[in-house]
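The structure appears right after this line, and notes come after that.
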Amino acid sequence: MSGGWDAVVVGARVAGAATALLLARAGRKVLLIDRAAFPSDTMSTLFIHQPGVAKLSEWGVLPALLDSGCPVLDTISYEVGGVRLAAPAPVMPGAPAAFAPRRQVLDQLLVDAAVKAGVEFVDRANLQELVHSGGRVTGVRFRTATGVRTEYARLVVGADGMRSRVAQLVDAPLEVSDPRASCVYYTAWTGITTGFGFHESPGNWIVRIPTHDDVTLISTYFPQDRFAEVRQDPFRHHLAAVRSTAPELYQQVAEADQVEAIIGTGDQQNYFRRGHGPGWVLVGDAGHHLDTISARGITNALLQAAFLAEELAVGTADPVRLDAALARFTRRRDEELTEPYQSTLELARLTVTPSRLEMLRTIAASPELTGRYFAVVAGMLGIDELFDDDALFDDFDDLDDLDDEDQF
């Protein structure tokens with residue numbers, strides 16, 4: 001038995017490694033554990049929106065990501081219903097573009113930075129149970145190849161994903177929950193030169209995502225009620241969706257080399273869990289998950305790590321102050337992430353309404369509006385900021401007829 005940790009972080013992917021990094025840099029003594037062997041891959045959209053990139057830059061991790069050979073995604077396009085939007089990727093301080101690194105690269109870079117900051121990291125560590133004392137979580141018990149370890153801490157951070165073991169052990173309830181809306185399948189190819197972008201038609205959403213080693217990930221989204229059908233022959237349905245919704249991309253796929261087997265899931269959960277309790281807190285997908293169609297997961301994880309680290313500036317020694325800081329983190333998480341959650345749910349319904357097409361035609365006619373639209377998609381602007389400048393719309397009298405739900 002050992003002790004003295006300010007925090008034990010369970011889960012060393014993006015949310016957990018970033019949290020451990022920031023807490024260690026703030027002078028906390030941190031133990032980081034994960035059940036997987038590192039470095040290793042995991043199913044992911046890979047994409048990091050500009051606010052997430054800005055965090056990597058702020059933390060000094062972006063140069064290493066660039067050195068890894070991750071491509072710079074500095075253009076973006078979107079095609080739906082005969083409308084095409086294309087523009088340079090929006091930029092913000094610290095984020096000259098977007099990126100989509102392979103997870104065995106990104107996750108390991110964050111773990112390495114955390115270890116350099118003083119974090120002790122243990123992989124292939126399976127959480128067995130939480131330790132309690134006086135009504136609080138006060139530590140963890142986990143198994144490694146050499147036996148069972150018990151570690152005590154003032155705070156246990158659950159960063160162990162959508163099926164969080166920590167969330168199960170503390171019985172964290174779902175406070176917001178919406179039905180699954182889509183299912184998704186991914187393939188990986190070399191020889192595709194389309195750059196980053198997406199294509200939409202009723203019932204389909206196609207994304208092309210360049211990543212390391214000249215590989216382009218292609219993801220296809222289908223309505224959740226088609227999952228039982230699609231999973232019977234996912235590759236056939238995947239290619240058929242690309243052919244019908246993105247024919248120019250399909251032409252390249254027909255001549256490209258597939259480098260990884262198709263993978264996918266129908267378990268696209270949408271929820272906010274209770275985010276904290278006495279001696280514990282959930283970050284990343286453990287506390288909040290949304291349909292991957294908007295590729296917000298990595299960015300949300302990085303933002304949540306930043307929110308938590310800022311609130312924990314008060315330290316972990318005083319349980320009363322610690323619990324108050326955890327409550328502030330949860331409120332901030334919910335306030336900041338509710339709008340993208342709602343817009344993601346709308347997008348995941350895979351419907352193309354006439355009013356949204358009219359909106360997109362209007363946007364496509366204006367380079368300024370197009371850039372602003374993609375900034376909204378990236379999370380750099382709120383939806384209510386898309387149409388801020390009335391002077392842009394003198395020639396578009398019918399914009400007042402758009403429903404709020406169509407403005408994304």
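Only this structure's heavy atoms are used, side chains among them; waters, hydrogens and symmetry mates stay out.
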Mind telling me whether Trp280 and His276 have parallel, tilted or perpendicular rings, with 30° and 60° as the class edges? tilted
Going from CG on Leu174 to NE2 on His289, what distance comes out if it is rounded to the nearest 0.5 angstrom? 12.5 Å
What I want to find out is whether Glu335 reaches Arg332 closely enough, with some N-O distance under 4.0 Å, to be called a salt bridge. no
Show the nearest heavy-atom pair for residues Gly52 and Thr299, with the distance to one decimal. N-CG2, 3.5 Å
Quick one: does any side-chain atom of Glu385 pair with a main-chain N or O of Gly382 as donor and acceptor, under 3.5 Å? yes
From the list Asp267, Asn270, Asp225, side chain to side chain donor-acceptor pair (under 3.5 Å) partner of Arg180 resolves to Asp267
Answer yes if the side chains of Gln108 and Asp112 hold a donor-acceptor pair under 3.5 Å, and no otherwise. yes
Working for side chain to side chain contact (heavy atoms under 4.5 Å, CB included), residues Thr150 and Val131: CA-CA 8 Å; Thr150 300; Val131 180; 4.0 Å; yes
Has Arg333 got a side-chain atom pairing as donor or acceptor with Gly287's backbone, closer than 3.5 angstrom? yes
Compare every heavy atom of Leu110 with every heavy atom of Ala17, then report the nearest pair and how far apart it is. CB-CB, 3.6 Å
Return yes if a side-chain donor-acceptor contact under 3.5 Å exists between His238 and Thr187, otherwise no. yes
4.5 Å side-chain heavy-atom contact, Met380 and Val376: no
Minimal non-hydrogen separation, Leu22 against Ala309, with atom names: CB-CB, 3.6 Å
Between His49 and Ala295 (side chain of the first, backbone of the second, donor and acceptor by atom type, cut-off under 3.5 Å), is there such a pair? yes
Under a 4.0 Å N-O cut-off, is there an ion pair linking Arg35 with Asp123? no
Test your reading of the model: is there a side-chain donor-acceptor pair from Thr362 to the backbone of Glu358, 3.5 Å cut-off? yes
Residues His199 and Arg208: side-chain donor-acceptor under 3.5 angstrom: yes
With a 4.5 Å heavy-atom cut-off, do Val157 and Leu155 have their side chains touching? yes
Compute whether any side-chain donor of one residue and acceptor of the other, for Ser182 and Gln268, lie under 3.5 angstrom apart. yes
Determine, for Glu346 against Arg349, whether the closest basic-nitrogen to carboxylate-oxygen distance falls under 4.0 angstrom. yes
List the steps, then state whether salt bridge (charged side-chain N to carboxylate O under 4.0 Å, His left out) holds for Asp6 with Arg154. CA-CA 5 Å; Asp6 290 302; Arg154 293 166 173 164; 2.9 Å; yes
Let's go through Arg149 and Glu120 carefully: what are the C-alpha distance in whole Å and the side-chain angles of both, what is the deciding distance for salt bridge (charged side-chain N to carboxylate O under 4.0 Å, His left out) to 0.1 Å, and is it a yes or a no? CA-CA 14 Å; Arg149 286 177 58 175; Glu120 180 180 329; 3.3 Å; yes
Contacts satisfying ring pair (Phe, Tyr, Trp, His ring centres under 6.0 Å) that involve residues 331-371 (not counting sequence neighbours) are Phe272-Tyr341, His288-Tyr341
Close side-chain approach of Val80 to Leu85, heavy-atom, < 4.5 Å: no
Spacing of Leu290 atom CG and Thr344 atom OG1 [to the nearest 0.5 Å]: 4.5 Å
For the pair Phe99 and Leu46, evaluate side chain to side chain contact (heavy atoms under 4.5 Å, CB included) and give the outcome as yes or no after the intermediate values. CA-CA 8 Å; Phe99 296 87; Leu46 306 183; over 6 Å; no
For a quick check under 3.5 Å, do Arg103 and Thr42 share a side-chain donor-acceptor pair by atom type? no
Tell me whether Tyr221 contacts the main-chain N or O of Thr292 through its side chain, where contact means a donor paired with an acceptor under 3.5 Å. yes
Close side-chain approach of Thr193 and Thr216, heavy atoms under 4.5 Å: no
Classify the ring geometry between Tyr185 and Phe222 as parallel (under 30°), tilted (30 to 60°) or perpendicular (over 60°). perpendicular
Establish, for the pair Arg331 and Phe329, whether the NZ or CZ atom is under 6.0 angstrom from the six-membered ring centre and no further than 45 degrees off its axis. no
Aromatic ring centroids of Tyr152 and Trp5 under 6.0 Å? no
Under 3.5 Å, is there a donor-acceptor pair between the Thr190 and Asp214 side chains? no
Chi angles and distances behind the side chain to side chain contact (heavy atoms under 4.5 Å, CB included) call for Leu106, Val14: CA-CA 8 Å; Leu106 175 64; Val14 173; 3.7 Å; yes
Are Ser57 and Trp59 linked by a side-chain donor-acceptor pair shorter than 3.5 Å? no
Leu31 side chain near Val9 side chain, heavy-atom distance below 4.5 Å: no
Would you check if the side chain of Gln104 reaches a backbone N or O of Arg102 as a donor-acceptor pair within less than 3.5 Å? no
Contact between Val166 and Val140 at the side-chain level, heavy atoms closer than 4.5 Å - yes or no? no
CZ-OG distance between Phe47 and Ser219, expressed to the nearest 0.5 angstrom: 11.5 Å
Between Ile383 and Ser343, is any pair of side-chain heavy atoms under 4.5 Å apart? yes
Identify the heavy atoms of Leu21 and Ala113 that sit nearest to each other, and give their distance. CD1-O, 3.4 Å
Under 3.5 Å donor-acceptor, Arg296 side chain and Ile48 backbone: no
If we ignore hydrogens and angles and just use 3.5 Å, is the side chain of Arg141 paired with the main-chain N or O of Leu127 as donor and acceptor? no
Donor-acceptor pair between Arg13 and Ser40 side chains, under 3.5 angstrom: yes
Does any part of the side chain of Leu326, heavy atoms only, come nearer than 4.5 Å to the side chain of Leu308, both counted from C-beta? yes
Check: Asp213 side chain, Val215 main-chain N or O, donor-acceptor pair, under 3.5 Å: no
All heavy atoms of Leu312 vs all of Ala325, minimum pair found to be CD2-CB, 4.2 Å
Verify, without hydrogens or angle tests, whether Gln50 (side chain) and Pro90 (backbone) share a donor-acceptor contact under 3.5 angstrom. yes
Should we say atom CZ of Arg274 is surrounded by more than 12 heavy atoms from elsewhere, each under 6.0 Å from it? no
Thr194 OG1 to Trp189 CH2 distance, which is reported to the nearest 0.5 Å: 12.5 Å
Distance in Å, Glu368 CD paired with Ile363 CD1, rounded so as to fall on 0.5 Å steps: 12.0 Å
Would Phe196 and Val207 count as a side chain to side chain contact (heavy atoms under 4.5 Å, CB included) here? Give the steps. CA-CA 8 Å; Phe196 172 70; Val207 190; 4.0 Å; yes
Once you round to the nearest 0.5 Å, how far does NE2 of His132 lie from CZ of Arg136? 11.0 Å
Should the ring pair Tyr373 and Tyr78 be called parallel, tilted or perpendicular, given that the plane angle runs from 0 to 90° and is split at 30 and 60? parallel
With a 3.5 Å cut-off and no angle check, do the side chains of Asp160 and Ser164 form a donor-acceptor pair? yes
What's the shortest heavy-atom distance between Ile76 and Pro88, and which atoms? CG2-O, 4.3 Å
